[in-house]
Amino acid sequence: MELLIQLFLGFLGIYTVIGVLFALYFFFKGAFALDPLIEESKWTVRLLLIPGAIGLWPLLLFKIINKSRTSL
Amino acid sequence: MGLDYQTVLWNSHKKKYDLWIAIGVFLYLLTFIGITILTNPETTAETLIIRAFGTLAIALLHIVLLIGPLSRLNSRFLPLLYNRRHLGVSMFLAALIHGAFSIIQFHTLGNTNAFYALFTSNLEYDSLTNFPFQVLGFFALIILFLMAATSHDFWLKNLSPKIWKGLHMMVYVAYAFVLLHVFLGALQQQPSLWSISILSIGFIVIASLHLKAALQESKIDKQTAIKVEDGWEFVCTVDEIPEDRAKIFIVQKERIAIFKYENKLSAISNVCKHQGGPLGEGKVIDGCVTCPWHGYQYLPANGQSPPPFTEKIATYRLKKIANEIYVHPEGLAEGTAIEPIAL
């Protein structure tokens, strides 16, 4: 059980670290790539999106990649 | 609705509701802390904070869960829906304070990592009564975090309404974790008949209201056409629809709302593009159908949001024979203009 807990917490830690790095990218660039309306919005809106970007980074990454592919 | 995103969509109502939330939270904390100090003066400050914010989060979670069915059963509760989002975020913040102080007080005093200690301080995962209840609270907090973090309109649009709604329906899983967290905690630490009774009553009230609202909704869904004439379904008489309001009907398994306004009748989809709000429970304000949930607006004759907004919903053809209203069950493409029926 302890090994399982270690694995789970290790996964959670890595997931969160990548999430934080992704959130920085999302704040400066990713949010614009996903939704053009962000350009018209204040920077505080993007600040508010940071926790969501940390929590849902795989989904957002997938959506951004998908969007860039379809716009090619 | 808008051409850009706002950090918070403030209006006078929202400010008023938020003020009430702040006053309510303050009074609750003050009362809880006052009673605890009077009845149990040896309680430490950390324990007081953990208990005060934990019970506050549970109380707010119950209110959040009650607002949905209450506003379906009685339209007087609809304004509460406008502010449910802020209430939900407040509830998460209270739960976060409870969780953070619990981890600090119970798991940071040793040499092991606090989160590792949280998961391993009690390893009776195969026990029903001694199951590590703090772990359940941790998972509930993760769900509540994801919900609070995605409560902005940006997420609703960009995650898609289906994913967003699915994520936010996880509140029921979080609620189940919270119930088990409290029941097991109460059983394992200080058996308290009081907290178990309050929580049981809360669960019964939430479950009953959800059931009642679901039964009411299913009655609407089971409506069948009374009379059909050349493919047109009779729905009601003109007098049955109040001025500047609508009646909701089911045609081809879709909910439609027939609005009466300015001596005219128009039929549109009942589902708002924003969060799927029930447009038929809204009003016609300044010539626009206004969603009761968040104020999104549509022109009744073409289902389009007034320029420069771009949201569109399906429209339905109507005809009137004497005083009877008939609807063609086949919806037209979103935003299709239909000449309203003159009364």
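Letters A, B, ... are given to chains in the order of the sequence lines, protein chains preceding strands, and every chain is numbered from 1.
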| Side chain, backbone, both or neither of A:L59 within contact of chain B (heavy atoms, under 4.5 Å) |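 For A:L59, side-chain heavy atoms alone lie under 4.5 Å from chain B.
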
| said: Using heavy-atom distances under 4.5 Å, tell me whether A:L47 contacts chain B through its side chain, its backbone, both, or neither. | reply: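 Neither part; nothing is under 4.5 Å.
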
Without swapping roles, check the side chain of [X] against the backbone of [Y] for a donor-acceptor pair under 3.5 Å.
| X | Y | result |
| --- | --- | --- |
| B:H86 | B:D18 | no |
| A:S41 | A:L37 | yes |
| B:Y298 | B:K273 | yes |
| A:K67 | A:L34 | yes |
| B:T290 | B:C288 | yes |

| field | Which atoms of B:F115 approach chain A - backbone, side chain, both or neither, heavy atom under 4.5 Å | value |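 When you check distances to chain A, atoms from both the backbone and side chain of B:F115 fall under 4.5 Å.
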
| query | B:I163 versus chain A, heavy atoms under 4.5 Å apart: side chain, backbone, both or neither? | reply |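 B:I163 touches chain A through side-chain heavy atoms alone.
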
| message | Side chains of B:T7 and B:H152: any donor to acceptor distance under 3.5 Å? | response |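 Looking only at side-chain atoms, B:T7 and B:H152 do not form any donor-acceptor pair under 3.5 Å.
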
| said: Within this structure, what is the CH2-CG distance for the pair A:W43 and A:L48, rounded to the nearest 0.5 Å? | reply: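 That separation rounds to 11.0 Å.
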
| request: Please list, in residue-number order, every residue in residues 119-131 of chain B that has a heavy atom less than 4.5 Å from any heavy atom of chain A; write 'none' if there are none. | output: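 Residues B:F119, B:T120, B:L123, B:Y125 are the ones that qualify, each having a heavy atom under 4.5 Å from chain A.
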
| said: Please check if the number of heavy atoms outside B:F133 that lie under 6.0 Å from its CZ is greater than 12. | reply: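 Yes - once you tally the heavy atoms of other residues, nucleotides and ligands closer than 6.0 Å, there are more than 12.
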
| query | NZ of B:K312: more than 12 outside heavy atoms within 6.0 angstrom? | reply |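 No.
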
| said: Report, in residue-number order, which members of residues 2-24 of chain A are under 4.5 Å from chain B by heavy-atom distance. | reply: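 Within residues 2-24 of chain A, the residues under 4.5 Å from chain B are A:E2, A:I5, A:Q6, A:F8, A:L9, A:L12.
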
Enumerate, atom names and distances included, each donor-acceptor pair closer than 3.5 Å involving a side-chain atom of residues 103-110 of chain B, sequence neighbours excluded.
{"residue": "B:Q105", "atom": "NE2", "partner": "B:T47", "partner atom": "OG1", "Å": "3.4"}
{"residue": "B:H107", "atom": "NE2", "partner": "B:Q134", "partner atom": "OE1", "Å": "2.7"}
{"residue": "B:T108", "atom": "OG1", "partner": "B:I104", "partner atom": "O", "Å": "2.4"}

Side-chain donor-acceptor pairs under 3.5 Å in residues 57-64 of chain B, sequence neighbours left out?
{"residue": "B:H62", "atom": "ND1", "partner": "B:I58", "partner atom": "O", "Å": "2.8"}
{"residue": "B:H62", "atom": "NE2", "partner": "B:Y175", "partner atom": "OH", "Å": "3.3"}

